[in-house]
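Following: one structure in structure tokens, then a few remarks.
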Number of protein chains: 2
Amino acid sequence: MKDLASPELTAACRRFIESGGHTTQSFGLGQVIGQVFALLYLSPRPMCLDEIMEELAVSKASVSMTVRQLEQWSAVKHVWVKGDRRDFYEAETDFKALVRHAVVSTLRKKIETAAVRIESVESSLQDALAKVDNGKRKEAKVVADRLKHARQFHQKVNALLNNPLLDHLL
Amino acid sequence: MKDLASPELTAACRRFIESGGHTTQSFGLGQVIGQVFALLYLSPRPMCLDEIMEELAVSKASVSMTVRQLEQWSAVKHVWVKGDRRDFYEAETDFKALVRHAVVSTLRKKIETAAVRIESVESSLQDALAKVDNGKRKEAKVVADRLKHARQFHQKVNALLNNPLLDHLL
DNA sequence: AGATACGTTCAGTCCAGACTGAACGATGCC
DNA sequence: GGCATCGTTCAGTCTGGACTGAACGTATCT
């Protein structure tokens with residue numbers, strides 16, 4: 001960053017990085033992760049933890065955890081620089097792949113845990129349904145139907161996330 | 001809720017409501033909003049603020065704000081009960097419409113503000129680019145290209161959110 | 001008018017989780 | 001081995017924003 005062409009250019013990059021932080025913040029991911037990715041995205045060459053840390057003025061611990069997270073999402077990749085034992089990272093510039101890994105996998109995880117809960121409730125409701133006396137049967141049936149409907153919708157969302165067609169739309 | 005068929009059924013509903021709260025919590029929306037919707041979703045008849053408040057054991061202020069939010073997303077709708085001046089609400093059972101309004105509109109809003117920032121940076125970068133001396137021109141060009149690439153991707157996402165095909169997939 | 005019942009607003013509280021600092025392993029160099 | 005350089009881990013801190021309680025505005029009664 002320090003060897004960039006002009007102060008104006010540096011300022012523009014800083015604003016872009018700040019935007020990245022703000023964006024991830026608005027999605028509840030914290031701002032560091034967006035800043036790190038934006039920085040690496042604009043950097044013409046791979047950067048190591050200390051460079052990132054200094055540029056963003058955040059703790060090394062944050063950078064370490066954040067970079068790990070980004071790596072799991074295939075948003076950044078590890079790069080070895082010969083004769084240097086530090087870890088260097090560079091950004092994945094293909095946003096399509098990034099979204100596929102990060103957004104979709106995160107979504108799937110959250111939806112999955114929600115699904116497990118719903119199914120658990122649904123099965124224990126089947127037991128409860130048997131004990132209901134005939135007078136109140138109809139009311140209980142409504143609840144059962146709603147639960148079933150919720151589960152079916154969840155399956156549709158899951159199918160959408162797995163649908164290869166989604167990739168083509170990006 | 002209190003007039004439900006059996007204790008087991010009530011317990012199942014409570015667990016479903018808890019799941020709803022946990023789900024919205026995991027998306028950074030707070031748990032009350034998920035609980036309110038889940039409660040209304042299972043309720044066989046519309047409910048007023050006090051009933052919701054008592055059932056979930058949260059403050060009336062929370063319920064009021066939350067219901068407003070859900071209404072903006074078309075997740076619940078206002079219902080008038082004759083001879084009762086309280087506000088009653090019932091859940092929208094069509095999840096498709098719900099997702100369309102809530103998720104997509106929220107996403108669009110966030111992406112939009114991100115886009116505004118990027119474009120602002122991009123334009124001020126055009127000015128900076130002009131002042132760069134020839135020696136460093138190439139490096140600055142890389143930054144400009146990356147920014148352009150980011151903006152183009154944003155446009156694709158926007159197009160996807162507006163794509164009517166998305167509705168058919170749900 | 002006063003009294004009651006509702007819904008909303010707003011300043012303040014509280015908490016999950018992002019972030020930090022220091023201690024800790026691990027690895028390479030002398 | 002001893003030293004230096006990195007990266008990671010973890011207990012603790014701090015902050016954004018969800019949630020609350022009380023005051024307020026409004027409408028509907030008698």
Side-chain angles (χ1 to χ4, degrees), chain A residues 17-18 20-40 46-73 76-90 106 109-110 113, chain B residues 17-18 20-40 46-73 76-90 106 109-110 113:
Chain A
I17 291 167
E18 186 193 341
H22 189 272
T23 300
T24 50
Q25 178 87 301
S26 80
F27 281 97
L29 302 171
Q31 60 174 350
V32 176
I33 195 168
Q35 290 177 349
V36 169
F37 179 76
L39 174 60
L40 289 175
M47 298 180 71
C48 68
L49 291 193
D50 287 282
E51 289 171 330
I52 298 172
M53 170 183 119
E54 189 186 5
E55 185 61 43
L56 301 179
V58 293
S59 73
K60 199 170 189 175
S62 272
V63 177
S64 178
M65 295 185 309
T66 295
V67 160
R68 171 97 47 94
Q69 173 83 292
L70 285 169
E71 207 179 3
Q72 281 181 354
W73 289 347
V76 303
K77 56 184 171 193
H78 212 169
V79 171
W80 276 270
V81 175
K82 69 167 185 177
D84 200 325
R85 70 185 179 90
R86 291 176 296 182
D87 296 347
F88 285 81
Y89 296 92
E90 68 180 14
T106 304
K109 209 172 297 177
K110 295 192 174 181
T113 70
Chain B
I17 291 167
E18 186 194 341
H22 189 272
T23 300
T24 49
Q25 178 87 299
S26 80
F27 280 97
L29 301 171
Q31 61 174 349
V32 176
I33 195 167
Q35 290 177 351
V36 170
F37 179 76
L39 174 60
L40 290 174
M47 299 178 72
C48 69
L49 291 195
D50 287 283
E51 290 171 329
I52 298 173
M53 170 183 121
E54 189 187 3
E55 184 60 42
L56 300 180
V58 294
S59 74
K60 198 170 189 173
S62 271
V63 177
S64 178
M65 295 185 308
T66 295
V67 160
R68 170 97 48 90
Q69 173 82 294
L70 285 170
E71 207 178 4
Q72 281 182 353
W73 289 347
V76 304
K77 57 183 170 193
H78 211 172
V79 171
W80 276 271
V81 174
K82 69 167 183 176
D84 200 324
R85 69 185 177 89
R86 291 177 296 182
D87 295 348
F88 284 81
Y89 296 92
E90 67 179 15
T106 304
K109 209 171 296 175
K110 295 191 175 181
T113 70

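Residue numbers begin at 1 in each chain, while the letters A, B, ... track the order of the sequences.
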Do A:Phe37 and A:Ile33 come close enough that some side-chain heavy atom pair is under 4.5 Å? no
To the nearest angstrom, the CE-P distance between A:Met47 and D:dC6 comes to 15 Å
Look at B:Ser59 and D:dT20 and indicate whether a side-chain polar atom (N or O) is within less than 4.0 Å of OP1 or OP2. yes
For residues 60-70 of chain B, which residue pairs qualify under salt bridge (charged side-chain N to carboxylate O under 4.0 Å, His left out), counting only residues two or more places apart or in two chains? B:Asp50-B:Lys60
4.5 Å side-chain heavy-atom contact, B:Leu49 and B:Arg86: no
Would the distance check show the side chain of B:Lys110 and the main-chain N or O of A:Ser26 forming a donor-acceptor pair, the cut-off being under 3.5 Å? yes
For this output row, return yes or no: ring centroids of A:Tyr89 and A:His78 closer than 6.0 angstrom. yes
I want to check something: taking the side chain as every heavy atom from C-beta on, are B:Lys77 and B:Glu90 in contact at a cut-off of under 4.5 Å? yes
Atom pairs under 3.5 Å: protein N/O with N/O of nucleotides 4-11 of chain C:
| unit_1 | atom_1 | unit_2 | atom_2 | d |
| --- | --- | --- | --- | --- |
| C:dA5 | N3 | B:Arg85 | NH2 | 2.9 |
| C:dG7 | OP1 | B:Asp87 | N | 2.7 |
| C:dT8 | OP2 | B:Ser64 | OG | 2.6 |
| C:dT9 | OP2 | B:Arg68 | NH2 | 3.3 |

How close or far is atom C1' of C:dC19 from atom CD1 of A:Ile52, stated in whole angstroms? 16 Å
So do B:Ile52 and B:Leu40 actually touch side chain to side chain, heavy atoms under 4.5 Å? yes
What integer distance in Å separates A:Trp80:CH2 from D:dC6:P? 17 Å
Treating B:Thr66 as the side-chain partner and B:Ser62 as the backbone partner, does any N or O pair qualify as donor plus acceptor under 3.5 Å? yes
In whole angstrom, what separates A:Gln69's CD from D:dT8's C1'? 16 Å
Set out, line by line, the N/O atom pairs under 3.5 Å between protein and nucleotides 12-18 of chain C.
none

Rounded off to whole Å, could you give me the CD-to-C1' distance for the A:Gln35 and C:dC19 pair? 12 Å
